[in-house]
Asker: 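Before anything else, here's the structure in question.
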Amino acid sequence: MANIRLYNSKTRAEEDFVPLDPANVRMYVCGPTVYDRAHIGNARPVVVFDTLFRLLRHVYGERHVTYVRNFTDVDDKINAKASETGRPIRDITDETIRWYHEDMDALGALRPSQEPRATEFIGAMIGMIQGLIDGGHAYAAEGHVLFDVRSYADYGKLSGRSIDDMIAGARVEVAPYKRDPMDFVLWKPSTDDLPGWDSPWGRGRPGWHIECSAMSHELLGESFDIHGGGIDLQFPHHENEIAQSCCAHPQGGFAKVWMHNEMLQVEGKKMSKSLGNFFTVRDLLDQGYPGEVIRFVYLGTHYTKPMDWTHDKAMQAEATLRKWRGLTAGAGAGVAAPEVVAALSDDLNTAGAIAELHGLASRGDAAGLLASAQMLGLLLPEMGAWAELSFDLAPWVNHLTCLRAEAMESKSFALVDAMKAALTAAGVEVRMSKAGVELLPGPGFDADKLPVL
RNA sequence: GGCGGGUUGGCGGAGAGGUUACGCAGCGGAUUGCAAAUCCGUGAAGACCGGUUCGAUUCCGGUACCCGCCUCCA
């Protein structure tokens, strides 16, 4: 069995991955707040942890891995959108979830084993909050329930900060009902126009962090193997999750390994609406970047490093995938190459794994390449439509073949060269050899620009 | 102010204390009517200053610069 090593943010060290139960490896990843299309930064953890999911399934067996990723469908951004548009909240969240599935499917991400919605676990959250109050870790005040950070000695351990340092940074909301400025909301009151649920503290709604603690507990238990998400969630979200879960279930270990992916940039700059470089996954798909190409670009950078999305990378990725698809066409998937599994097992070294794929390709091992690439979620049959020969170029092949035969006789190649130039201008790759003429639609293929015969 | 990350050849991007990363681009050759594709070959690196070591791009310390988080955020 491959020895998987993972960098654990909690211990700040790379560790051998030893599952609590090899028959049921459990992973929880923080999912999206469903109020709008996922942007390309949102997609990075999806691809990263999908790749880990695939590796775990490969190593422990498909039926022995449970992957939970939540939908946050109660949130003030959703409420804001509902009041702006006048649409019911459930319409907005259902539609956004549908979009999310479409977009992430396009990136070749497997659906997690379970995708709980926060609103389906309100009861579990209320129970957990009550338990925290009973245990002396939380208190009710003015319709709110707050977590008492001073009651948890290890608060700040994950993100490497002390409560006092954070207060010195002083950008926390100082509310009169808080015992400590760092105390965070577990439950907050709802006015009549906002979604709310009855609770011991009145009608209200949960704070942001409690849902992940409650849902991971319900679905994975009080101890599980891996918890993932973006590095920006490390504080405060994950810190707060740990505090809640460990105080509510002190006998459990909560998540053993914490994994955080770094952020994404666009053409060297932080993605932001004001810079005009803000893209949703749907934007890129609509611009013609195939999902498989996007995925390949993502996998080219190790997940712990900032990743830069550039058009140039996408072009290279497309060329490579086109080449590999050609190489593996008609081949049956063999066995995933051990070097590829080893690279992935080394803290998910996807860039190293891709280098190994290049090696398999250059050795002409189509079966190994196909199986190995598929372990990375690449070269899957359902993702290959973009690379299919979607247009029948046979008439142009015949025409060019004839022109060429005549030119060989007359030694005058002007017509052949003109035809070739016209085809190239339409994005067709022209290959002529002794064996004959071959025409392949290239990256910029445009059937409308084909020369008229 | 606090915490964390980064700096590798023209570009992207990995591993390893000493031996070729890899891809793209470049260059030379084979091939081609010319090209393309393909194949063969090839040059090119480790921000800066110290330290440890027989030997460091790889370990340690410092400097500079860049970035992220500390507020909703993947």
Side-chain angles (χ1 to χ4, degrees), chain A residues 9 12 29-33 35-36 38-49 69 72 75-77 80 156 158-173 182 208 228-239 260-265 268-272 296-297 299-308 310 312-317 319-320 322-323 326-327 342-343 346-347 349-359 361-362 364 404 407-414 416-417 420-421 423-424 428-435 437-440 442:
Chain A
S9 302
R12 289 156 205 274
V29 173
C30 292
T33 300
Y35 67 103
D36 207 350
H39 61 67
I40 61 175
N42 294 315
R44 193 171 187 198
V46 173
V47 171
V48 165
F49 292 105
R69 186 182 62 207
T72 299
D75 178 273
D76 286 346
K77 286 193 287 289
L158 177 73
S159 47
R161 21 189 127 193
S162 73
I163 295 174
D164 293 325
D165 286 346
M166 288 186 276
I167 292 170
R171 273 201 276 178
V172 289
E173 182 196 358
M182 290 308 296
W208 172 36
I231 186 71
D232 54 335
L233 293 181
Q234 189 181 42
F235 186 87
H237 184 55
H238 290 162
E239 196 72 71
H260 292 103
N261 61 277
E262 252 294 347
M263 301 290 98
L264 177 144
Q265 299 186 311
K269 292 185 178 139
K270 180 168 178 168
M271 182 167 70
S272 73
F296 189 99
V297 171
L299 296 178
T301 301
H302 192 253
Y303 76 92
T304 55
K305 291 203 171 183
M307 194 210 92
D308 198 13
T310 66
D312 187 55
K313 281 184 178 178
M315 289 298 97
Q316 282 193 24
T320 301
R322 205 178 279 281
K323 188 170 127 188
L327 201 65
D346 178 15
D347 196 27
N349 184 357
T350 49
I354 287 173
E356 298 294 348
L357 295 183
H358 282 293
S362 66
R404 187 160 170 257
M408 291 290 208
E409 293 291 317
S410 65
K411 300 294 176 198
S412 171
F413 290 92
V416 180
D417 287 340
K420 191 174 76 178
L423 287 165
T424 305
V428 178
E429 191 181 286
V430 180
R431 298 182 185 178
M432 288 186 269
S433 67
K434 280 177 179 157
V437 171
E438 207 181 349
L439 298 181
L440 298 169

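In what follows, chains are A, B, ... by sequence order, proteins preceding strands, each numbered from 1. No hydrogens, no waters, no symmetry mates; every other heavy atom, side chains included, goes into these values.
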Asker: Assess, by modelled atom type and distance only, whether the side chains of A:Q234 and A:S159 contain a donor and an acceptor separated by less than 3.5 Å.
Answerer: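 No, no side-chain donor-acceptor contact under 3.5 Å.
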Asker: Pull out every protein N or O sitting under 3.5 Å from an N or O of nucleotides 10-19 of chain B, one pair per line with the distance.
Answerer:
from, atom 1, to, atom 2, distance (Å)
B:G12, O3', A:K313, NZ, 3.4
B:G13, OP1, A:K313, NZ, 3.1
B:G13, O3', A:G300, O, 3.4
B:A14, OP1, A:H302, N, 2.6
B:A14, O2', A:N349, ND2, 3.2

Asker: What residues form a salt bridge (Lys or Arg N to Asp or Glu O under 4.0 Å) with A:R12, not counting sequence neighbours?
Answerer: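 For A:R12, no residue satisfies salt bridge (Lys or Arg N to Asp or Glu O under 4.0 Å) once neighbours in sequence are set aside.
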Asker: Check the distance between B:C69's C1' and A:L233's CG and give it to me in whole angstrom.
Answerer: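 Taking CG of A:L233 and C1' of B:C69, I get 11 Å after rounding.
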Asker: Report the residues that fulfil side-chain hydrogen bond (donor to acceptor under 3.5 Å, both in side chains) with A:D346, sequence neighbours left out, ordered by chain and then residue number.
Answerer: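 side-chain hydrogen bond (donor to acceptor under 3.5 Å, both in side chains) list for A:D346, sorted by chain: empty.
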Asker: Rounded to whole angstroms, how far apart are CG on A:L264 and P on B:C67?
Answerer: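 So the two atoms are 16 Å apart, to the nearest Å.
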Asker: What integer number of Å spans the C1' atoms of B:C54 and B:C48?
Answerer: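 The same atom, C1', in both gives a distance of 25 Å.
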Asker: Identify whether any heavy atom of A:G229 sits under 4.0 Å from a base atom; if not, whether one sits that close to sugar-phosphate; answer base, sugar-phosphate or nothing.
Answerer: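 Counting heavy atoms under 4.0 Å across all strands, the contact made by A:G229 is with sugar-phosphate only.
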Asker: To the nearest 0.5 Å, what is the distance between CG on A:L357 and CG on A:L299?
Answerer: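 Rounded to the nearest 0.5 Å, the CG-CG separation comes out at 9.5 Å.
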Asker: Using atom P of each nucleotide, how far apart are B:U57 and B:A25 to the nearest Å?
Answerer: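 The same atom, P, in both gives a distance of 30 Å.
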Asker: Which residues satisfy the ring-ring contact (aromatic ring centres under 6.0 Å, His included) test with A:F296, sequence neighbours excluded?
Answerer: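 If we apply the ring-ring contact (aromatic ring centres under 6.0 Å, His included) test to A:F296, skipping adjacent residues, the hits are A:W324.
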Asker: When you measure from the side chain of A:R44 to the backbone of A:E262, do you find a donor-acceptor pair of N or O atoms at a distance under 3.5 Å?
Answerer: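 Such a contact is found between A:R44 side chain and A:E262 backbone.
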Asker: In chain order, what residues pass the salt bridge (Lys or Arg N to Asp or Glu O under 4.0 Å) check against A:E429, with sequence neighbours excluded?
Answerer: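 Counting only residues at least two positions away or on another chain, A:E429 forms a salt bridge (Lys or Arg N to Asp or Glu O under 4.0 Å) with A:R431.
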Asker: Rounded to the nearest 0.5 Å, what separates atom CE in A:M182 from atom CD1 in A:I163?
Answerer: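 So the gap between those two atoms works out to 7.5 Å.
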Asker: Should stems be defined as at least three consecutive Watson-Crick or G-U pairs with both distances under 3.5 angstrom, which of them involve RNA chain B?
Answerer: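 When the pairs of RNA chain B are grouped into runs of at least three, the stems are B:1-7 with B:64-70, B:10-12 with B:22-24, B:26-30 with B:38-42, B:47-51 with B:59-63.
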Asker: Going by the rule side-chain hydrogen bond (donor to acceptor under 3.5 Å, both in side chains), which residues pair with A:D312 if we only count those two or more places apart in sequence or in a different chain?
Answerer: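 Partners of A:D312 under the side-chain hydrogen bond (donor to acceptor under 3.5 Å, both in side chains) test: none.
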Asker: The criterion is side chain to side chain contact (heavy atoms under 4.5 Å, CB included); which residues satisfy it with A:Y35, sequence neighbours excluded?
Answerer: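 A:T33, A:K77, A:I78.
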Asker: A:H39 side chain: which of B:C72, B:G4, B:A74 is closest?
Answerer: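 Nearest nucleotide to the side chain: B:A74.
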Asker: For the pair made of CD in A:E239 and P in B:C70, what is the distance, rounded to whole Å?
Answerer: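 So the two atoms are 13 Å apart, to the nearest Å.
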Asker: Using the P atom as the reference point in each nucleotide, state the distance between B:C22 and B:A14 in Å, no decimals.
Answerer: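 To the nearest whole Å, 15 Å.
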Asker: Can you sort out the partners of A:T304 under side-chain hydrogen bond (donor to acceptor under 3.5 Å, both in side chains), two or more places apart, ordered by chain and number?
Answerer: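 For A:T304, the residues satisfying side-chain hydrogen bond (donor to acceptor under 3.5 Å, both in side chains) (neighbours in sequence not counted) are A:H302.
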Asker: To the nearest Å, give me how far apart CD (A:Q234) and C1' (B:C72) are.
Answerer: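 The answer, rounded to whole Å, is 17 Å.
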Asker: On RNA chain B, check which nucleotide each of A:I354 and A:N261 is closest to and give me the residue with the more 5' one.
Answerer: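 The answer here is A:I354.
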Asker: Please measure how far the C1' atom in B:A16 lies from the corresponding atom in B:A21, and state the result in whole Å.
Answerer: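 Their C1' atoms lie roughly 10 Å apart.
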Asker: The criterion is salt bridge (Lys or Arg N to Asp or Glu O under 4.0 Å); which residues satisfy it with A:D417, sequence neighbours excluded?
Answerer: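 Scan of A:D417 (salt bridge (Lys or Arg N to Asp or Glu O under 4.0 Å), adjacent residues dropped) gives none.
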Asker: Considering only atom P, compute the distance from B:G2 to B:A45 and round it to an integer number of Å.
Answerer: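 So the two P atoms sit 39 Å from each other.
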Asker: Please report, rounded to the nearest Å, how far the P atom of B:G23 is from the CD atom of A:E356.
Answerer: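 Distance, rounded to whole Å: 11 Å.
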Asker: Taking B:G28 as the reference, what is the distance to B:G51 when you measure between their C1' atoms (whole Å, please)?
Answerer: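 So the two C1' atoms sit 44 Å from each other.
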Asker: Could you give the distance separating B:G13 and B:G9 at their C1' atoms, to the nearest angstrom?
Answerer: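 Here B:G9 and B:G13 have their C1' atoms 11 Å from each other.
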Asker: Just the rounded figure in Å: distance from C1' of B:G6 to CD of A:E262.
Answerer: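 Distance, rounded to whole Å: 9 Å.
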Asker: Tell me every residue that passes side-chain hydrogen bond (donor to acceptor under 3.5 Å, both in side chains) with A:D75, counting only those two or more places apart in sequence or in another chain.
Answerer: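 With neighbours one apart ignored, the set is empty.
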Asker: Expressed as a whole number of Å, how far does the P atom of B:G10 sit from that of B:G43?
Answerer: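 That atom pair is separated by 15 Å.
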Asker: Strictly under 3.5 Å: I want the nitrogen or oxygen pairs between protein and nucleotides 30-39 of chain B, one per line.
Answerer:
from, atom 1, to, atom 2, distance (Å)
B:U32, OP1, A:K434, NZ, 2.7
B:G33, N1, A:D417, OD1, 2.9
B:G33, N2, A:D417, OD1, 3.3
B:G33, N2, A:D417, OD2, 2.8
B:C34, O2, A:K420, NZ, 2.7
B:C34, N3, A:K420, NZ, 2.8
B:A35, N6, A:M432, N, 3.2
B:A35, N6, A:M432, O, 2.1
B:A35, N1, A:V430, O, 3.4
B:A35, N1, A:M432, N, 2.9
B:A37, O2', A:R431, NH1, 3.4
B:A37, O2', A:R431, NH2, 3.3

Asker: May I ask you to say what A:L357 touches in the nucleic acid, namely base, sugar-phosphate or nothing, with a heavy-atom cut-off under 4.0 Å?
Answerer: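 A:L357: no heavy atom of the nucleic acid under 4.0 Å.
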Asker: Separation of A:R12 atom CZ from B:C3 atom P, in whole Å?
Answerer: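 After rounding, the gap between these two atoms is 11 Å.
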Asker: For A:L327 and B:G23, what is the distance between atoms CG and C1' respectively, to the nearest whole Å?
Answerer: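 About 15 Å, once rounded to whole Å.
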